[in-house]
Amino acid sequence: MIKGPKGAPDILPDKSKSIRVIIDKIIKIVENFSYEEIILPIFEHSEVFERTVGEDTDIVEKEMYTFFDKSGRKLSLRPEGTAQTVRAYLENNLKTLTQPAKFFYFGPMFRYERPQKGRFRQFFHFGIEALGDEKPELDVEVISISLQILESLGLKDLSVSLNSIGDIEERNVYKEKLKSFLRTRYSELCDDCKKRLEKNPLRVLDCKKESCINVTKDAPKIIDYLSNESKNHFEKILSMLDDLKIKYEINNRLVRGLDYYNRTVFEVFSSDLGAQNAVLGGGRYDYLSEYLGGDRVPGVGFAMGVERLIMILETKNLLPKNEKNIIFISPLSKEYFEETFKFYIYLGKSDFSVYFPYNFKNIKTSISNALKMNINYMIIYGGDELKNGFLIFKDLKKEEQQLIKIENLSNFLNNYGGF
RNA sequence: GUGGACGUAGCUCAAUUGGUUAGAGCAUCGGACUGUGGAUCCGAUGGUUGCGAGUUCGAAUCUCGUCGUCCACCCCA
């Protein structure tokens, strides 16, 4: 038997339903802040990611699913959503919209990695991007929304890690300073960091090895190398977060693995996720559009790992239950099977959610089946009640039932609610 | 890309350690039970032991390969 590809799990109804409920909730929140959905292709010209995420990043260097189509175009399955959102903005001239233009997206992303807890080869991102404005208020909005989402799902004890990595020139100056500092302590670094030193010195700050943490404790801090503009931007964000009573932690070791970020970067962690503990990450990317050959379009956004979110909710017992708000249409006995079936079709056509027991045996097993399926309502069709023009309506949760006149059924159900 | 654990029915697990025809519970399906709460009883379906080689008189069991799962490194959401 052929199996599904590694790291690409099937999502069955018990979980897909939870995801739907959660995503609907999240969409409601971002729509309240006037973000609109953008649906983008699953694959792009590889260049979109090479030029923005960065040639030297792990994502581009070894994790992209890249292939050539029949005309020789070099394409990649998207590993993330920000770069292509900006590409779409440029291509569709969305600067003609009132700025900032605000979008959300939800869909599968692909990275060729060894699967482990919280990490898959196909996984879902929910993200928002606000393009065309560089005011610090917009950064605050994005951070605030990310926390509101998590709180609305019942997660309380999460806080944001926040940092500013400055603009390109400042960062380049800082990189050189950092490099020369690290060279003086070269022998104390781990083997990985020795390699990182020349290629991507910022990553050394991120190393979890104790010896490296010891070294970088004394390292120059990027905050001290920010331009006045960058510093003001960052400080404005902090003071507004304070005003809004949003909790955060400044982490000057926080650097992100994608090259397009500048100034604000932030992440939200959870200890329930094992080693892959980031549930959400984002930041500002004012230069991304220029990497794609467009005009300057500042932007800020975040992406959230949907599987990781589900995992946290699962361990905290906060996953919405898969309750089916549908009506089990059961014959009273086998002699009513056909008539009940026709009644079921009629109700479904009348826009009610209905289930029909094709394997009907008797009323007792119908009730058992309904309970097993988490169905809360039942209509029983047949018997003396039917002869007198009534149907039996059961509320299985409340454990009560009542007789409804057939011609009043629609009204009754609409008033009862939820169908 | 590196390292470790694992793979028997849809699920949870057996199979006297290499020895007849691979078993059980749950689930599913069928039957019994006058028309009402996950019940009970009877019966059935379900397996090329992930797949492929090798060792052996004999392999679920040992070896190798491969696919997949889980975990960690790395990296990220």
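Numbered from 1 within each chain, the chains take letters A, B, ... in sequence-line order.
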Exercise for review: Searching all strands shown, indicate the nucleotide that pairs with C41(B) (Watson-Crick or G-U wobble; both distances under 3.5 Å).
Suggested key: G31(B)

Review point. Base, sugar-phosphate, or nothing: which does I392(A) touch, judged by heavy atoms less than 4.0 Å apart?
Key: base

Practice item. For E335(A), report the nucleic acid contact type (base, sugar-phosphate, nothing); a contact means any heavy atom under 4.0 Å. Key: nothing

Check your understanding: Heavy atoms under 4.0 Å, any strand shown: does G7(A) hit a base, just sugar-phosphate, or nothing?
Key -> sugar-phosphate

Practice item. Evaluate the ring planes of F356(A) and Y358(A), with Trp represented by its six-membered ring, and classify them as parallel (under 30°), tilted (30 to 60°) or perpendicular (over 60°). Key: perpendicular

Check your understanding: Using a cut-off of 4.0 Å on non-hydrogen atoms, how would the nucleic acid contact of L258(A) be classed: base, sugar-phosphate, or nothing?
Key -> sugar-phosphate

Check your understanding: So what does Q401(A) hit on the nucleic acid, given a heavy-atom distance under 4.0 Å: a base, only sugar-phosphate, or nothing?
Key -> base

Practice item. Report yes if a side-chain nitrogen or oxygen of R114(A) is closer than 4.0 Å to either non-bridging phosphate oxygen (OP1 or OP2) of C71(B); otherwise report no. Key: no

Review point. What does E267(A) touch in the nucleic acid at a heavy-atom separation under 4.0 angstrom: a base, only the sugar-phosphate, or nothing?
Key: nothing

**Study point:** Pairing of R111(A) and E80(A) as salt bridge, 4.0 angstrom limit
**Key:** no

Practice item. Indicate, with a heavy-atom threshold strictly under 4.0 Å, whether E63(A) touches base, sugar-phosphate, or nothing. Key: sugar-phosphate

Practice item. Looking only at side-chain atoms of S333(A), point me to the closest of G35(B), G38(B), C73(B). Key: G35(B)

Revision key, fill the gap. Using Watson-Crick geometry (N1-N3 plus N6-O4 or O6-N4) or G-U wobble (N1-O2, O6-N3), each under 3.5 Å, G68(B) is paired with C6(B)

Check your understanding: How far, in whole Å, is G23(B) from U16(B) if one measures between their P atoms?
Key -> 13 Å

Review point. Does U21(B) sit syn or anti, given that only angles within 90° of 0 count as syn?
Key: anti

Review point. Any salt bridge between D139(A) and R263(A), counting N to O under 4.0 Å?
Key: no

Review point. Which part of the nucleic acid, if any, lies within contact of L280(A), taking any heavy atom under 4.0 Å across all strands shown: a base, the sugar-phosphate backbone alone, or nothing?
Key: sugar-phosphate

Review point. So what does K117(A) touch, heavy atoms closer than 4.0 Å: a base, only the sugar-phosphate, or nothing?
Key: sugar-phosphate

Review point. Rounded to the nearest 0.5 Å, what separation is found between the CD1 atom of I11(A) and the CD atom of E307(A)?
Key: 5.5 Å

Practice item. Could you please name the partner base of A22(B), counting Watson-Crick and G-U wobble pairs only when both distances are under 3.5 Å? Key: none

Practice item. Take R308(A) and D384(A), find for each the nucleotide of RNA chain B with the closest heavy atom, and name the residue whose nucleotide sits nearer the 5' end. Key: D384(A)

Point to revise | Distance between C1' atoms of A44(B) and G37(B) (Å, rounded) | key: 27 Å

Check your understanding: Does the pair K179(A)/E176(A) count as a salt bridge with the N-to-O cut at 4.0 Å?
Key -> yes

Check your understanding: Just checking Y381(A): base, sugar-phosphate only, or nothing, at a heavy-atom cut-off of under 4.0 Å?
Key -> nothing

Exercise for review: Report yes if at least one side-chain N or O of N359(A) is closer than 4.0 Å to OP1 or OP2 of C29(B); otherwise report no.
Suggested key: yes

Practice item. Assign each of Y358(A) and K62(A) to its nearest nucleotide of RNA chain B by heavy atoms, then name whichever residue's nucleotide is nearer the 5' end. Key: Y358(A)

Review point. Does a side-chain N or O from R203(A) land closer than 4.0 Å to OP1 or OP2 of C76(B), or not?
Key: yes

Practice item. With P as the reference atom in both, quote the distance from G19(B) to A59(B) in angstrom, rounded to an integer. Key: 11 Å

**Study point:** Euclidean distance for C1', C76(B) against A72(B) (whole angstrom)
**Key:** 15 Å

Check your understanding: Between C73(B), G7(B), G38(B), which nucleotide has the shortest distance from any of its atoms to the side chain of Q116(A)?
Key -> C73(B)

Review point. Which whole number of Å gives the distance between the P atom of G43(B) and that of G38(B)?
Key: 23 Å

Review point. Given the C1' atoms of G58(B) and U20(B), what is the spacing between them in whole Å?
Key: 11 Å

Review point. Do N362(A) and T365(A) have a side chain donor and acceptor closer than 3.5 Å?
Key: yes

Point to revise | R284(A) and E134(A) ion-paired at < 4.0 Å | key: no

Exercise for review: Counting Watson-Crick and G-U wobble pairs only, both distances under 3.5 Å, name the nucleotide matched with G46(B), or none.
Suggested key: none

**Study point:** Sugar-phosphate, base or nothing in reach of G118(A), heavy atoms under 4.0 Å
**Key:** base

Review point. According to the Watson-Crick and G-U wobble definitions, with both distances under 3.5 Å, which nucleotide is paired to U36(B)?
Key: none

Review point. With rounding to whole Å, what would you report as the distance between A32(B) and G50(B) at their P atoms?
Key: 39 Å

Check your understanding: Using a cut-off of less than 4.0 Å, is there contact between a side-chain N or O of K364(A) and OP1 or OP2 of U34(B)?
Key -> no

Point to revise | Inter-nucleotide P distance (U2(B), C11(B)), Å rounded | key: 30 Å

Exercise for review: For G383(A), answer base if it contacts any base atom (sugar-phosphate contacts may also be present), sugar-phosphate if it contacts only those atoms, and nothing otherwise; contact means non-hydrogen atoms under 4.0 Å.
Suggested key: base

